[in-house]
Amino acid sequence: APSTAMDAGKPGPATGLEPQTLSVYAAASLTGAFDELALLLEDENPGVDVQVTYDGSSTLATQIAAGAPADVFASADQKNLQPLADDGLTGPATRFAGNTLRIAVAPGNPLKIENLADLARPGVITVLCAAQVPCGAASATLLANAGVTLTPASEEQNVTAVVTKIAGGEADAGLVYTTDVAANPGRVEGVTPAGADAVVGHYPIAVVEGSAHAEAAQAFVDLVLSPAGQAVLAAHGFLAP
Amino acid sequence: MIPRLLYLPASIGLTLLVLPLAGLLLKVDWPALPALLLSPEALQPLGLSLATASVSTVLCLLLGVPLAVVIARSKPRVAGLLRALVTVPLVLPPLVGGIALLSLLGRGGVLGNSLELVGLRIPFTTAAVVIAQTFVALPFLVIAVEGALRTAGIRYERVAATLGAGRGTVFARITLPLVGPGLLAGTVLSFARALGEFGATALFAGNQAGVTRTMPLAIYTAFNGSGVTTDQAVALSLLLIAVAVIILVLVGTRRASVLS
Amino acid sequence: MIPRLLYLPASIGLTLLVLPLAGLLLKVDWPALPALLLSPEALQPLGLSLATASVSTVLCLLLGVPLAVVIARSKPRVAGLLRALVTVPLVLPPLVGGIALLSLLGRGGVLGNSLELVGLRIPFTTAAVVIAQTFVALPFLVIAVEGALRTAGIRYERVAATLGAGRGTVFARITLPLVGPGLLAGTVLSFARALGEFGATALFAGNQAGVTRTMPLAIYTAFNGSGVTTDQAVALSLLLIAVAVIILVLVGTRRASVLS
Amino acid sequence: MTPALWKSAAKALLEANLQLTRGSFSLDLRLTLARGEVLALLGPNGSGKSTVLDLLAGLAIPSRGIVALDGAVLTAPGRFVAPEKRAIGLLGQEPLLFPHLTARANVAFALRVGEARLNAAAARAAADRWLDRVGLNGLGGSVPGALSGGQQQRVALARALAAGPRVLLLDEPMAALDAETAPFMRQLIREQLADTGTSAIIVTHDIVDAVVLADRVAVLHDGALIDEGTTAAVLAAPRNPFVAALAGVNLVVGTVQKGAIVAPDGRTFSVRPADAADLDATGPAAAVFRPASVVVQTEQPRHASPRNVWSARVTGIEPGSGGVRLRTSGDPEIIAELTPAAVADLGLQLGSPVWLSVKATEVSAYRR
Amino acid sequence: MTPALWKSAAKALLEANLQLTRGSFSLDLRLTLARGEVLALLGPNGSGKSTVLDLLAGLAIPSRGIVALDGAVLTAPGRFVAPEKRAIGLLGQEPLLFPHLTARANVAFALRVGEARLNAAAARAAADRWLDRVGLNGLGGSVPGALSGGQQQRVALARALAAGPRVLLLDEPMAALDAETAPFMRQLIREQLADTGTSAIIVTHDIVDAVVLADRVAVLHDGALIDEGTTAAVLAAPRNPFVAALAGVNLVVGTVQKGAIVAPDGRTFSVRPADAADLDATGPAAAVFRPASVVVQTEQPRHASPRNVWSARVTGIEPGSGGVRLRTSGDPEIIAELTPAAVADLGLQLGSPVWLSVKATEVSAYRR
Ligand SMILES: Nc1ncnc2c1ncn2[C@@H]1O[C@H](COP(=O)(O)OP(=O)(O)OP(=O)(O)O)[C@@H](O)[C@H]1O
Ligand SMILES: Nc1ncnc2c1ncn2[C@@H]1O[C@H](COP(=O)(O)OP(=O)(O)OP(=O)(O)O)[C@@H](O)[C@H]1O
Ligand SMILES: [Mg+2]
Ligand SMILES: [Mg+2]
């Protein structure tokens with residue numbers, strides 16, 4: 001795991017695990033936070049190597065269903081984890097974080113976009129996540145709540161693509177997670193639209209059934225849920241579950 | 001005339017290619033299939049895919065055949081270099097092709113800026129889909145046609161010239177018909193590749209229903225939506241495969257009849 | 001002998017293929033490049049990519065050449081059908097190939113269950129990378145070699161037979177050398193395709209450093225990493241392209257010298 | 001051509017009964033070839049000669065019919081032996097040298113996979129000897145693309161002979177050869193077939209090939225055999241205009257005596273000085289001269305250059321393609337071709353006594 | 001071959017000076033072709049004949065040298081006119097019919113792009129007439145793959161003639177043709193060249209082609225011209241064994257009178273009945289017969305079949321490839337080939353008076 005500076009305060013509960021390699025499958029939006037959490041667990045348990053695989057939640061869910069050697073699965077939405085839990089492929093799912101939406105714009109907000117209605121302004125190129133992915137579902141709810149209808153230039157397959165388009169100048173604005181704005185300083189700037197905090201996306205986590213490292217997996221889940229873990233998540237812009 | 005020993009690896013090869021597709025069939029939710037396949041969510045991307053892939057294939061022919069001729073008739077060294085350049089896009093992971101196209105034709109891109117000045121915006125348009133598909137499919141056409149041209153050689157072209165035929169006439173009446181099978185193979189390959197193109201399209205053209213959401217993008221979107229039960233994605237994939245097989249078999253047998 | 005009119009579309013075609021790659025160069029963070037390219041994050045996937053793509057290419061040759069021979073020497077109708085079947089994997093969007101392979105060889109898959117019983121698990125291993133690459137690259141080899149075989153015809157094979165040569169000898173000493181250029185082209189194409197393979201690998205083999213993280217997956221990971229630093233992705237792409245161009249040019253000029 | 005050979009065709013080495021239809025062309029014929037026999041297959045363009053060879057070699061399958069070699073069925077309804085298992089070699093109408101192999105390697109290939117089954121080194125050495133025999137010494141390293149048309153044809157001939165099949169099918173083997181080389185190649189084929197006891201079918205448009213190489217001649221027209229028999233018989237009495245156009249030679253098969261050829265009836269034929277040199281030993285040989293060369297007189301010629309002079313009687317007077325054909329008594333009968341004016345002038349009739357003379361320089365000789 | 005034509009070669013239509021090296025083969029020669037002249041290019045396999053034609057047609061570029069047509073430079077250092085702009089047609093050694101076009105379409109192609117520039121319908125109709133002329137009536141719809149070797153060669157010949165170039169280069173145009181067809185095709189070429197005033201170079205291994213078609217003969221050996229001159233001169237006095245092997249004919253160029261040919265010195269040559277029929281009108285013609293056919297006597301022959309009998313004197317006695325060559329007085333001089341025994345027997349010496357006789361059936365005639 002990369003050596004990102006940690007700003008977490010206290011370490012979590014010490015467990016003293018055997019040396020082993022733990023495989024964590026995590027939604028792509030968790031990248032920065034889970035890199036740090038992996039490091040935390042490794043520090044506490046010398047000899048334990050935490051390998052985090054990031055990808056879209058549905059990709060990871062499909063792979064776990066097909067027998068991927070994952071020990072922990074952290075999804076960006078309930079929809080991708082619940083069926084696995086229902087089929088007994090994972091243990092029970094626990095919510096460990098929440099995320100809200102922000103309007104992402106180019107640094108300095110050249111088009112002066114201040115609210116959701118501005119996204120529908122003629123001449124503004126807006127991109128959203130596809131309604132099928134978690135951030136897209138949240139975006140739809142947020143826009144509906146605000147009574148704004150708009151046709152996005154594109155419905156991207158994931159948040160990263162939305163951020164890329166705005167950072168690259170292809171699009172003027174889009175709805176992304178708060179955490180994405182935090183992870184891309186200098187590339188995009190966040191604007192908080194009215195009613196944003198009312199729409200929260202929830203992240204569940206579970207230990208994969210039949211994991212050869214069940215004890216370490218549980219320790220990682222515990223770490224994520226612990227105050228220390230929550231502090232790391234908060235530092236990356238996540239809300240409490 | 002086929003050494004008997006070859007049949008074993010040949011059938012393993014065919015199995016490797018066909019069995020996974022058969023595996024897909026097992027995943028299909030058959031009762032729900034007809035309704036799904038007739039829904040606009042399925043038909044609109046299919047129509048867009050067929051339309052864009054057709055246009056891309058025509059573009060590939062218009063640009064690729066001349067390029068293939070130039071390579072095939074160049075000196076060995078030059079040809080080797082050109083062939084390598086043409087092959088590179090094949091190596092590009094899907095994403096990188098998208099990044100490359102954006103860096104060229106996107107808003108901050110080298111050409112994109114100039115185009116913006118004359119009021120042209122390419123990303124997020126159907127034109128972007130066509131460009132992305134052409135970019136990835138063109139190498140197939142060029143390499144197939146170049147190979148055919150090289151094997152056909154220039155003997156018949158020389159004969160035509162001694163009869164008094166100008167270069168244009170020779171090209172249209174001798175060269176093109178002679179490489180007919182190779183040309184058809186290249187066309188089929190590039191159409192297939194354009195039809196399946198996902199990566200560069202997703203990044204460069206985006207994903208807007210009716211404008212840039214081709215079948216592969218629709219499949220990906222469906223996959224992201226349905227999570228573990230890949231039903232809808234599988235159903236759409238089957239539709240794409242079925243259409244492709246029909247087209248390929250139609251062209252293939254027409255081609256066979258041309259050859260025989 | 002090239003009609004002058006062709007030079008214009010040929011250069012447009014070449015530009016379309018090459019300019020986007022040049023566009024990538026503009027995105028490179030040159031000062032940071034050397035350190036990045038020499039880091040284990042770059043070299044490990046590169047090594048894995050070259051190794052798996054090489055193995056896949058050998059597999060393609062072993063399975064694909066026999067398959068190409070069978071198709072080329074079949075009756076037109078059968079050949080048309082087989083050719084269509086072989087072309088289908090080209091149409092598959094990257095994801096679908098992965099779903100198909102998982103549904104066949106994954107847990108719960110048709111073959112996957114049986115393999116599990118004898119303690120073999122293929123998905124998420126390096127073997128899965130090779131299988132995914134072979135699956136997507138095989139059609140290229142088959143189609144290139146089949147075309148070459150068809151153009152070469154059977155005249156020389158018939159002569160060899162009347163001299164008393166058995167099928168194996170004819171195949172090894174006449175058929176294969178005659179289609180040498182086509183074989184080399186097919187090998188290059190399938191190696192390139194294997195090197196760039198992303199979609200099926202990502203789903204079927206996963207993305208584990210040192211085991212299944214090939215260059216395209218490393219690029220994807222870098223692209224998706226915290227902070228949209230496409231820099232690293234671009235740098236890795238450049239590395240992949242550079243390696244590919246070197247290999248293609250080396251093979252291309254060797255091929256040229258074989259031909260001349 | 002000796003009676004013995006012709007009779008042994010009854011117990012033929014190769015027997016074929018072939019029917020084939022291709023578009024508007026259809027083929028229907030029976031063909032036999034005796035052990036050691038050489039058959040010349042003549043016929044106009046498009047008569048089906050190459051098609052017959054393909055059918056025999058197993059490169060084409062007849063609609064109906066049978067091909068049997070030495071009693072073993074090679075082609076029949078429901079049975080087909082692959083070409084490489086037939087021991088029937090074919091030199092096609094085009095040289096078709098393997099383009100990726102040098103001239104030497106082309107011939108060596110035949111020596112490795114053919115009857116000889118030599119190893120690589122031995123095959124290369126033997127190939128060089130073969131190239132030498134066809135006059136291509138020093139060109140062994142050339143690829144076919146760097147050889148002239150005639151040079152390619154010679155390599156193809158060497159390759160076909162080197163394979164050493166039991167039956168050899170040669171499709172216009174002398175086409176593209178220059179005038180000086182052709183006789184040498186003809187001699188090479190003759191010796192090689194004789195030395196190895198190989199039976200052969202030779203397709204040719206040149207009557208000299210038939211005379212020199214063949215025991216028997218078959219004439220194909222529109223897919224059917226219209227004439228067949230010993231070379232002498234067919235040439236002496238051409239049964240259709242096509243044969244007449246290329247035939248019309250007197251052929252005397254006899255034995256060598258003191259540099260001349262003695263016919264069965266004891267008449268002696270002096271031959272061209274160049275050929276006489278070859279007739280140093282005794283043995284069977286043939287003398288060939290054209291009916292037009294035969295000078296006919298009603299008085300004994302004196303103080304004249306012709307070395308061959310006999311008296312005979314006119315046994316037949318018939319119109320021919322080149323004038324009037326006069327048959328004369330003797331074994332073999334000698335045919336003379338005259339203008340109608342000459343026949344009238346000399347007052348020739350059936351039974352007329354005549355003096356025949358032929359210049360030795362008009363008589364070619366071939367050892368058999 | 002007439003003096004007028006030979007002189008006009010000074011103001012040549014086609015002039016070439018060619019140097020080329022390919023591996024161990026090197027070519028170096030000068031060649032001219034007068035307006036309307038037909039040159040036969042002879043030479044052994046690999047002597048460079050096809051290479052010369054390629055260089056003239058613009059299919060190959062010489063290392064050094066120049067090709068000029070009617071004063072316009074086609075090939076020179078720094079200058080190269082494309083083959084299609086040269087008006088020089090080439091019928092190569094292989095037929096190379098376009099495999100995707102029918103026989104008719106192959107010929108029609110030449111009529112559309114060549115001199116005639118016919119439209120599609122006219123070209124098709126004219127192509128059918130051409131196919132008729134080469135004896136392929138009814139095969140217009142066949143693709144090359146369904147034609148026999150000789151049929152393909154005929155289509156290729158029709159195609160080359162139909163293109164109507166100013167200079168036509170023919171590389172062994174008669175190869176693969178059957179014996180009955182060859183004379184007709186030869187006649188077709190002759191008439192077509194004469195009617196259109198086309199100059200031509202014909203590569204051949206058959207001396208008859210040179211005699212019938214060519215005014216002049218050039219002999220190539222190892223890339224260099226070793227003999228050149230009017231056909232009669234070269235054939236009468238072959239300067240090397242290669243020419244001797246294919247030459248050795250008496251050629252009498254004269255005029256037609258009452259179905260016979262009258263030589264410059266007034267001697268009359270009766271010819272084969274078949275050829276005599278062609279000599280119905282008056283005009284230039286040539287009589288050809290072999291020295292071996294000439295019977296030499298020291299007494300006047302009587303009651304003999306030969307129609308052609310003259311007295312002459314021996315002007316030369318020299319060894320030849322087929323015996324002793326006897327030159328005799330007259331214009332043209334007649335050469336007789338005898339065995340040494342005959343020469344001794346007759347006691348022939350320089351200046352001996354002799355009677356020469358040649359049977360009319362031995363004399364071929366060709367209109368010129
Ligand atoms: N595929 C085909 N379809 C129709 N006719 C065909 C086909 N193949 C060959 N023929 C015809 O079969 C006949 C015999 O051809 P073949 O090559 O055997 O002739 P050949 O006697 O060898 O003539 P040549 O002396 O010209 O070589 C020809 O008339 C040819 O047109
Ligand atoms: N690429 C090459 N490299 C080396 N030698 C070559 C090459 N091409 C041709 N030659 C040689 O050039 C010579 C002339 O060939 P060309 O075809 O002109 O002969 P040709 O007189 O037409 O003979 P033929 O009567 O056999 O057709 C031959 O000796 C041939 O081996
Ligand atoms: Mg033939
Ligand atoms: Mg030649």
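Chain letters run A, B, ... following the sequence lines, proteins first, then strands; residues in each count from 1. Values reported hereafter were calculated over all heavy atoms of this structure, with side chains retained and with hydrogens, waters and symmetry mates removed.
Looking at heavy atoms from C-beta onward, Ile241(B) lies in side-chain contact with Leu24(B) at the 4.5 angstrom threshold.
Contacts with chain B were tallied for Leu169(E), Leu90(E), Leu59(E); Leu59(E) has the most, counting heavy-atom pairs under 4.5 Å.
With hydrogens and angles ignored, the 3.5 Å screen pairs a side-chain donor or acceptor of Arg117(E) with a backbone N or O of Val113(E).
For the side chain to side chain contact (heavy atoms under 4.5 Å, CB included) with Val67(E), the qualifying choice from Leu14(E), Leu31(E), Asn17(E), Val81(E) is Leu14(E), the only one to do so.
Glu115(E) does not touch chain B: none of its heavy atoms, backbone or side chain, sits under 4.5 Å away. At a 4.5 Å heavy-atom cutoff, Asn106(E) makes no contact with chain B through either its backbone or its side chain. Of the atoms belonging to Ala156(E), not a single heavy atom falls under 4.5 Å from chain B.
For Asp195(E) and Arg190(E), the salt-bridge test fails: no basic side-chain N is under 4.0 Å from an acidic carboxylate O.
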